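Only one structure is covered here, and it is reproduced in the block below.
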Amino acid sequence: MRVLVTGGAGYVGSHSAKLLTECGHDVLIVDNLAEGHRPAIGRARFVEADLIDRKRIAGLLTEHRIDAVMHFAAFAYVGVSVREPAIYYQNNIVGSLSLLDAMRDAGVNRIVFSSSCATYGIPERVPITEDHPQHPISPYGFTKLVIEHALADYSHAYGLGYAALRYFNASGAAADGTIGEDHDPETHLIPLILQVALGQREYVEVFGTDYPTPDGTCIRDYIHVDDLATAHVAAIEKLQPGMALKLNLGTGHGASVQEVVDLCREITRHPIPTRAVARREGDPPKLVADASAAKRELNWQARYSMREIIESAWAWHKKHPRGYQD
Ligand code: UFG
């Protein structure tokens, strides 16, 4: 297939574009490099463009005879979205709608969309199934939910085929060490812990030790970025016009912040000092996926363990202590 990948210079986008190419698909990456990294693109064809430019995107879809789109381009900092909702609404919603309309202009009717467990908000029950009510508690989560609704309406009205993939906690790095996680600023737990092991930070803050969990710290479902990539390829290969898939992508297993720190200590052989601080606003105690629908629909399940996630991330951060600058 000829696949246009938006946000292909970003974290999940670059790993998925790499796998698409390895599976024999023809990839065209479109990224405005606002958050993405040029070196993450590898050998794929690349056009620097903004999704808001509907005419240009429609032109690229037509010119490259694109069959389907994988849409990753978005801002993804929950905290920033609370302080600066305007740029989230603009980029994540207006940008995505512009892309969908460019696809209509060009007659492209299949899309895999990067959604999030943040669309569920504070869960009423865990593990979370796809029919769990979606009540996001951040502008970021809301922008993802709005686009899920737009996809459903476009599917109904225009015959669009879509897969909304709701990721839990994307983590880890490519097995061959070529690409990995590089956010500026970094806010995610595993890279922050590994920066302590690299001597770039003195300690890692543990946000809340009084949660109703066995060790008092938050539980999350960490999923290897290459497992996410595999699910995206399976989804795009299955999609047909008019098809609607809404799937959680997680392992079904949770790890607490304390467990992640302990495993990082073991793998890096560094003491990794921690400091208990107050809870971070908006953090639910426990988020774990029920990923059985993805198994049923895509014959997909996560292959990488928590240990493999941290080992791959550690290999990447050791080799690239300043991310793509190295
Ligand atoms: N945490 C700490 N200290 C830190 C950073 C994180 O204790 O310095 C904790 C958080 O409180 C949380 C866990 O580590 O319990 C994981 O936090 P991350 O920031 O790594 O990830 P989040 O769970 O907040 O965010 C992820 C995705 C978002 C998505 C969100 C949905 O990165 O895109 O899940 O809840 F929206």
Side-chain angles (χ1 to χ4, degrees), residues 11 76-79 82 116-118 120-128 137-138 140-141 166-173 180-183 185-228 248-291 302-318 321:
Y11 178 41
Y77 288 111
V78 174
V82 176
S116 172
C117 66
Y120 294 115
I122 312 250
E124 290 164 11
R125 48 180 192 274
V126 188
I128 301 171
I137 57 165
S138 68
Y140 165 70
R166 299 174 187 156
Y167 319 156
F168 282 63
N169 284 58
S171 43
E181 191 166 9
D182 180 358
H183 296 112
E186 189 50 79
T187 61
H188 296 99
L189 180 66
I190 295 174
L192 289 174
I193 296 174
L194 297 178
Q195 287 177 1
V196 177
L198 284 169
Q200 297 174 342
R201 283 173 196 270
E202 276 179 49
Y203 57 88
V204 65
E205 292 182 332
V206 175
F207 296 151
T209 52
D210 58 350
Y211 281 100
T213 59
D215 64 21
T217 65
C218 278
I219 293 176
R220 293 287 178 273
D221 185 339
Y222 296 90
I223 169 96
H224 196 294
V225 65
D226 276 343
D227 276 330
L228 293 180
N248 286 339
L249 298 182
T251 65
H253 303 289
S256 72
V257 172
Q258 188 58 53
E259 285 168 339
V260 175
V261 170
D262 288 342
L263 197 50
C264 288
R265 284 178 176 149
E266 192 188 318
I267 289 166
T268 63
R269 296 166 198 268
H270 187 285
I272 308 181
T274 57
R275 263 187 213 179
V277 298
R279 294 181 179 195
R280 184 172 67 179
E281 203 186 335
D283 267 342
K286 184 171 179 180
L287 290 175
V288 175
D290 179 323
R303 286 187 304 138
Y304 292 99
S305 66
M306 196 63 220
R307 179 175 293 275
E308 289 167 311
I309 288 173
I310 295 173
E311 283 172 349
S312 68
W314 181 227
W316 159 258
H317 287 285
K318 262 195 305 190

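Keep in mind it's a predicted model, so treat the numbers as computed, not measured.
Within the 4.5 Å cutoff, the side chain of Thr217 has no heavy atoms near those of the Glu259 side chain. Ile190 is listed as a side-chain neighbour of Met306, based on a closest heavy-atom distance under 4.5 Å. Proximity of Gln200 to Pro321: side-chain heavy atoms (C-beta onward) are separated by under 4.5 Å at one or more points. Within the 4.5 Å cutoff, no side-chain heavy atoms of Val288 are placed close to those of Phe168. Proximity of Tyr203 to Arg275: side-chain heavy atoms (C-beta onward) are separated by under 4.5 Å at one or more points. Asp221 has its side chain out of reach of Leu287: every pair of non-hydrogen atoms, C-beta onward, lies at least 4.5 Å apart. No side-chain heavy atom of Arg166 sits under 4.5 Å from any side-chain heavy atom of Leu249. For the pair Ile128/Asp290, no side-chain contact is recorded, criterion being any heavy-atom separation below 4.5 Å from C-beta on.
Taking the six-membered ring for Trp and thresholds of 30 and 60 degrees, His183 and Tyr77 have ring planes more than 60 degrees apart, a perpendicular arrangement.
Between Glu205 and Arg280, none of the side-chain N atoms (NZ, or NE/NH1/NH2) sits under 4.0 Å from a carboxylate O, so this pair counts as no salt bridge. A salt bridge between Asp226 and Arg303 is absent, with no side-chain N of the basic residue lying under 4.0 Å from a carboxylate O of the acidic one.
Remark: Arg279 is positioned above the aromatic ring of Tyr211, its terminal NZ or CZ atom under 6.0 angstrom from the ring centre and at most 45 degrees off the axis.
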Test side-chain contact (heavy atoms from CB on, under 4.5 Å) on Tyr304 and Ile223; report intermediate values, then the result. CA-CA 8 Å; Tyr304 292 99; Ile223 169 96; over 6 Å; no
side-chain contact (heavy atoms from CB on, under 4.5 Å) evaluation trace for Val196 with His270: CA-CA 8 Å; Val196 177; His270 187 285; 4.2 Å; yes
Residue pair Tyr11, Val225: steps toward the side-chain contact (heavy atoms from CB on, under 4.5 Å) verdict: CA-CA 8 Å; Tyr11 178 41; Val225 65; 3.8 Å; yes
Mind running side-chain contact (heavy atoms from CB on, under 4.5 Å) on Ile193 and His317 for me, showing each step along the way? CA-CA 11 Å; Ile193 296 174; His317 287 285; over 6 Å; no
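Applying the side-chain contact (heavy atoms from CB on, under 4.5 Å) criterion to Trp314, with sequence neighbours excluded, gives Leu194, Ala197, Leu198, Ile267, Thr268, Lys318. Remark: Leu192 engages Glu186, Gln195, Arg201, Val204 in a side-chain contact (heavy atoms from CB on, under 4.5 Å) (not counting sequence neighbours). By the side-chain hydrogen bond (donor to acceptor under 3.5 Å, both in side chains) test, Arg269 is found to be paired with no residue, residues two or more places apart in sequence or in another chain being considered.
Ala76 and Tyr140 get closest at one heavy-atom pair: CA-CE1, 3.5 Å. Smallest separation of non-hydrogen atoms from Ile137 and Gly282: CD1-O, 3.3 Å. For Ala255 against Tyr222, the heavy-atom pair with the smallest separation is O-CE1, 3.8 Å. Contact detail for Asp283 and Cys218: the closest heavy-atom pair is CB-SG, 4.3 Å. Between Ala289 and Gly250, the shortest heavy-atom contact is CB-CA, 3.9 Å.
In this structure, Arg265 contributes its side chain and Pro271 its backbone to a donor-acceptor pair below 3.5 Å.
The CZ atom of Arg125 lies 9.5 Å from the OH atom of Tyr120; values are rounded to the nearest 0.5 Å. Atom NE2 of residue His224 and atom OG1 of residue Thr251 lie 12.5 Å apart, to the nearest 0.5 angstrom. Of the inter-residue distances, the one linking Cys264 atom SG with Ile272 atom CD1 reads 5.5 Å to the nearest 0.5 angstrom. Residue Glu181 holds its CD atom at 10.0 Å from OG of Ser312, rounded to the nearest 0.5 Å. Atom-to-atom distance recorded for Ser256:OG and Asp215:CG is 3.5 Å, nearest 0.5 angstrom.
Side chains of Asp227 and Tyr167: no donor on one and acceptor on the other come within 3.5 Å. Checking Ser171 against His188 by side-chain atom types alone, no donor-acceptor pair falls below 3.5 Å.
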